[in-house]
2 protein chains.
Amino acid sequence: MKLTKKNTCSLCTDPCEIQSALLKTGRSIDEAKIFHAHFRKHDVICKQGKEVSHALFLVKGSAKLYVEGLNNRNIILYLLKPPAYIGLLSFFETPIYAYSVTALEDSEVCFIELDIVKKLYIESHDLLLCLNKAFGKSVANIMNKIISLNQKQIRGRIAENLIYLSDLNQSHKFYLNLTRKEFGEMAAISEENTVRLLSELARENIIGIKGREIEVLDMPLLKKISDVG
Amino acid sequence: MKLTKKNTCSLCTDPCEIQSALLKTGRSIDEAKIFHAHFRKHDVICKQGKEVSHALFLVKGSAKLYVEGLNNRNIILYLLKPPAYIGLLSFFETPIYAYSVTALEDSEVCFIELDIVKKLYIESHDLLLCLNKAFGKSVANIMNKIISLNQKQIRGRIAENLIYLSDLNQSHKFYLNLTRKEFGEMAAISEENTVRLLSELARENIIGIKGREIEVLDMPLLKKISDVG
DNA sequence: ATTAAACATTGTTGTAAATCAACTTTTTTT
DNA sequence: AAAAAAAGTTGATTTACAACAATGTTTAAT
């Protein structure tokens, strides 16, 4: 991680609500001791079990949010694309992170001192509601994930995941910046079965694969496979 | 559900932080339109997919919090004993419940209008921090559950669950106010396997069972089984 | 008190998916 | 450019667990 002291918030193309809350409460950006950090691919942005010290906001790049399980087996809960609060689920007074986040490509993250955020969301009604809203949405997603992981079988989970990625990229054709192993970790499937199932779906012309370039060819069928389980 | 208009907050033995926040901000309990409801065993307290209209606080009894999955298969995330915020994970600006809660025994629940709570947690620093803290704790629990359900096998999950219940009841010996099926739903195990495994653990003298009366006889071993997976 | 319904138990079977193993291809490092 | 490491692929084997079946037991309803 490479720190940048220079405050780039004023140049930010995708300013977070924290910034507008700052200005609204008549504070300067300097006062909030905001700084930016550059993370390279594979760098850990925040680590399960470590103390939460800052609110993190993904400005550029992308990242995976995952829980570290037994014998190095992880489960990726969702991916993050800017603008996104990284530490969201853990920054409401939880002392330690309940999950980890790692950069999938070179990324930029904005760090805001937690104390400032706490003060802010007491003063700023809007910020509070906004954060809580995002928070609740994450929880709903996770609930859905619990069901999916436990009650769908791998074909359904793979299909669901492909739909998720297609939505995230807002296109039926997208570049997968995940390894097959990581793709599997999104659906709690072994690497081998992930490859197998992807090839199978390709053979059936439901999707097209060329390396990490994926195209959903038959979305209705994919949705059906996902829904059936 | 049987409503009680009479405001019993002043008699409450286990008052919630909402009440103290009310008083601190100079409001009367009447103003908050608080009412109590009595739920009988098996009554649904809040229902997945329905709109969130009140903050719910469990005052008496106990309940199970679960996500409703595919073809009537549920997963119980945790049990609630007073004092506990029931709707916690869903009342931060999420319009609908992401889960359901059902009474395990005759229970009393306090209803507080959501609008009031929102106003309150803007005014009351303490309430906000307190709710968020509880919230974060729930999230951490759920993360743990995801790992456990996916990466431990049934013996480990049963053991973990027995430890959880033992902790919850603060005793190695406790009455299970769940059916075997529900016990299984806590660990995503079929009813049959739940019975089988419980009997097995009893045969090995790790636990003692007499109907729904359960006693953990060898906690260290049970912990080991849970940790191994 | 009698019947019905829900609950609990045990053995057996089928199968989804992890694991193992061997191999190829791609990417990164020096 | 060569070597090493990481990523991707495929088939064979094993296994954990759900589903089914059959039967006993307790609880609730009339």
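- Here C/dT26 presents its P atom at 13 Å from NZ of A/Lys210, a figure rounded to the nearest Å.
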Candidate pair B/Leu162 and B/Leu201, rule side chain to side chain contact (heavy atoms under 4.5 Å, CB included), full reasoning = CA-CA 11 Å; B/Leu162 285 166; B/Leu201 291 173; 3.8 Å; yes
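- Between C/dT10, D/dG8, C/dA18, one nucleotide has an atom nearer to the side chain of B/Val195 than all others, and that is C/dT10.
- For the pair B/Lys60 (side chain) and B/His38 (backbone), a donor-acceptor distance under 3.5 Å is absent.
- The aromatic rings of A/His54 and A/Phe35 sit perpendicular, their planes meeting at an angle over 60°, well past the 30° parallel limit.
- A side-chain donor-acceptor contact under 3.5 Å links B/Lys152 and B/Ser226.
- At the phosphate of C/dT10, OP1 or OP2 sits under 4.0 Å from a side-chain N or O atom of B/Ser199.
- Summarising the geometry, the separation between NE2 on A/His42 and P on D/dA5 is reported as 16 Å, rounded to the nearest angstrom.
- At a cut-off of 3.5 angstrom, counting only N and O atoms as typed in the model, there is a donor on one side and an acceptor on the other between the side-chain of B/Asn193 and the base of D/dA18.
- Here the P atom of nucleotide C/dA17 and the CD atom of B/Gln151 are 16 Å apart, to the nearest Å.
- Between the C1' atom of C/dC7 and the CZ atom of B/Arg212 lies a distance of 8 Å, rounded to the nearest Å.
- Within the structure, every side-chain polar atom (N or O) of B/Thr179 is placed at least 4.0 Å from both OP1 and OP2 of C/dA6.
- The only option from A/Asn144, A/Leu149, A/Ile225, A/Leu165 that meets the side chain to side chain contact (heavy atoms under 4.5 Å, CB included) definition with A/Glu160 turns out to be A/Asn144.
- In this entry the distance linking CZ of B/Arg196 with P of D/dA19 reads 13 Å, nearest Å.
- Nucleic acid contact class of B/Ala188 (heavy atoms, under 4.0 Å, all strands): sugar-phosphate only.
- Each of B/Arg157 and B/Lys41 lies near DNA chain D, and the nucleotide nearest B/Arg157 is the one positioned closer to the 5' end.
- Of the candidates C/dA21, C/dA17, D/dC20, D/dC20 carries the atom nearest the B/Glu192 side chain, counting heavy atoms from C-beta on.
- Between A/Ile158 atom CD1 and C/dA18 atom C1' the separation is 14 Å, expressed in whole Å.
- One can place CG of A/Leu149 at 16 Å from C1' of C/dA16, the figure rounded to the nearest angstrom.
- With rounding to whole Å, A/Arg180 atom CZ is found 17 Å from C/dA18 atom P.
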